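We use all heavy atoms of the structure for the numbers below, so side chains are in, but hydrogens, waters and symmetry mates are not. Residue numbers begin at 1 in each chain, while the letters A, B, ... track the order of the sequences. As the structure is a prediction and not an experimental result, all values here were calculated from the model.
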Amino acid sequence: MKKLRLSIASVAIGLLTLSGCGQGGTPDAPAEGDGAQAEAPEYTVNDSADFKDSKTWKAAKDAGELKVGVKYDQPGLGNVKAGSEQPEGFDIEIAKMVAAQLGFSPDQIKYTETVSANREPFLQQGNIDMVVATYTINDERKKVVDFAGPYYVAGQDLLVAEDSDIAGPDDLDGKKVCSVDGSTPAQNIEEKYTKAELVAYDTYSKCVTDLQSGSVDAVTTDDAILRGYAKQYEGEFKVVGQPFTEEPYGVGLPKGDDAMRDAVNDALQKGMDDGDWKKAFEYTLGSADDVEMPEIDRY
Amino acid sequence: MDFPQLLEMFLSGIWGTVKLFTVALIGALILGTILAGMRVSPTPVLRIAASTYINVVRNTPLTLVMFFCAFGLPFLDIRFGSTSSFNSFIYATLALTAYTACFVAETLKSGISTIPVGQAEAARAVGLTFGQTLSQVVLPQAFRTVIPPLGSVIIALLKNTSIASAFNNRELISAMRNAIEVRGDLVIPLLFGTALAYLILALILGRVFDYLERKLVILR
């Protein structure tokens, strides 16, 4: 009797799990167009790199690895695909590009997942040497960490269904807009577009699920992240293309290591000058024709 | 964003948590009592139904239960109210109620089994029905016996409300995320602040249960 009860219970749990996953799990990404895919860029490792003035660089060099904090859940920027262990995306390419200039080959980079709540503590405690994780430069954060860059200026945009007639943030009145709970884009919607109804989950993939099922009318965050989703769900979603904020992405570094900051700034500048930046962009986010390279801010 | 604004943000988060907790608590106590009653009832169908439900839901992670409520129910076209924030609140309440009720029921059942069988037999001898026996003789004593473990279940419910933030609910964790996003320089103090807020809420609950225990508990 006990056994029977147990097995009934487990079957029921299985059904529950299935129904839960069918709705909420990230659906399989459609195969990406093979022809359009750009070559993976390769970066020349600068073997003569020497930044002994930088405590961070010296420690990393001695250890033989550069610890980089990245995001794992943003397609196109910093994303770990199901079944894969290595993250990939524009942030990752930037990390590789900078690391190469600092004298670290790609296999000497150790990636750590950083979410919004642990970026600053990890840098302060020295758990990681730099953060390349859609990290917007702002004054409050500058109090505790340093920023090199920006390496890209994103803007908040909208992801909508292919046949949607939403053309910009002013069309959001009375519409349901999804974003990640606590994120800057979510706060912008709450403060500036008060007539829109905000739906906030903990990950963008739940938002995308809701957009697919029609439970929300738009997903909002920085355009670079949305480009990633639009690419993943080609023909289903589109990015509106009317960015309404400016989010300069910087490389987060431990506070006070000016030599390191200069080195990273130089590395970014060099990458933009010699075309590596453009290759990295095209490899991960698609055509860079209408994308401007940002100006490095050496504050 | 300076201190008064942060405090305001946290207070609205605490209000969200308290709201979710209170509604789910009432629901869980009612549903839990019904389930406990079903488990000790003389009808086999009711007993099996209750224990199946309890075994399934209690052994499913709460996140999964909430996932089912937040994404499965709308899929089945079960919606409440017009705004999605109200909908999410109801979904989260349903999930918390469904989950906590199992633990309430199990706790109550253990209270019921401390009551000597003689009492139920005596109740039946004087002509009370099963419902009357349960509601007038057994349950009042069972509740008073299980006040301390019930307190733990209810404190667990308070902490479980934090999962609702992942499903479009405005509460403490949600407020903390908002605060961290704007004040990256204060991450550790903000984490401590959130922990402190939960601690205060739980301590208040603990005091209430200490008081109830002193006043009501039956020592055997």
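With values rounded to the nearest 0.5 angstrom, A:Lys176 atom NZ is found 10.5 Å from B:Asn168 atom CG.
Other residues, nucleotides and ligands contribute at most 12 non-hydrogen atoms within 6.0 Å of the NZ atom of A:Lys55. Counted within 6.0 Å of CD on A:Glu246, heavy atoms from surrounding residues, nucleotides or ligands total 12 or fewer; the atom is thus considered open. A 6.0 Å sphere centred on CD of A:Gln125 holds more than 12 heavy atoms belonging to other residues, nucleotides or ligands. Within a 6.0 Å radius of CZ in B:Arg124, no more than 12 heavy atoms belonging to other residues, nucleotides or ligands are found. Open room surrounds CZ on B:Phe192; 12 or fewer heavy atoms of other groups in view lie less than 6.0 Å from it.
A 4.5 Å side-chain heavy-atom check between B:Arg183 and A:Lys143 finds at least one atom pair inside the cut-off. Contact annotation: the side chain of A:Glu197 approaches that of B:Ser84 to within less than 4.5 Å [non-hydrogen atoms, C-beta and beyond].
Contact tally against chain B (heavy-atom pairs below 4.5 Å) for A:Leu198, A:Thr203, A:Val216: the top residue is A:Leu198. Between chain A and the options B:Ile180, B:Leu190, B:Leu191, the largest number of non-hydrogen pairs under 4.5 Å is found for B:Ile180.
Using a 30° and 60° split on the angle between ring planes, B:Phe167 and A:Tyr201 fall in the perpendicular class, above 60°.
Closest approach of B:Glu181 and A:Ser116 over heavy atoms only: OE1-OG, 3.7 Å. For the residue pair A:Arg141 and B:Gly184, the shortest heavy atom distance occurs at CG-CA, 4.2 Å.
For the pair A:Lys142 and B:Asp185, the salt-bridge criterion is not met [side-chain N within less than 4.0 Å of a carboxylate O].
With a 4.5 angstrom heavy-atom cutoff, B:Thr83 touches chain A via backbone and side-chain atoms both.
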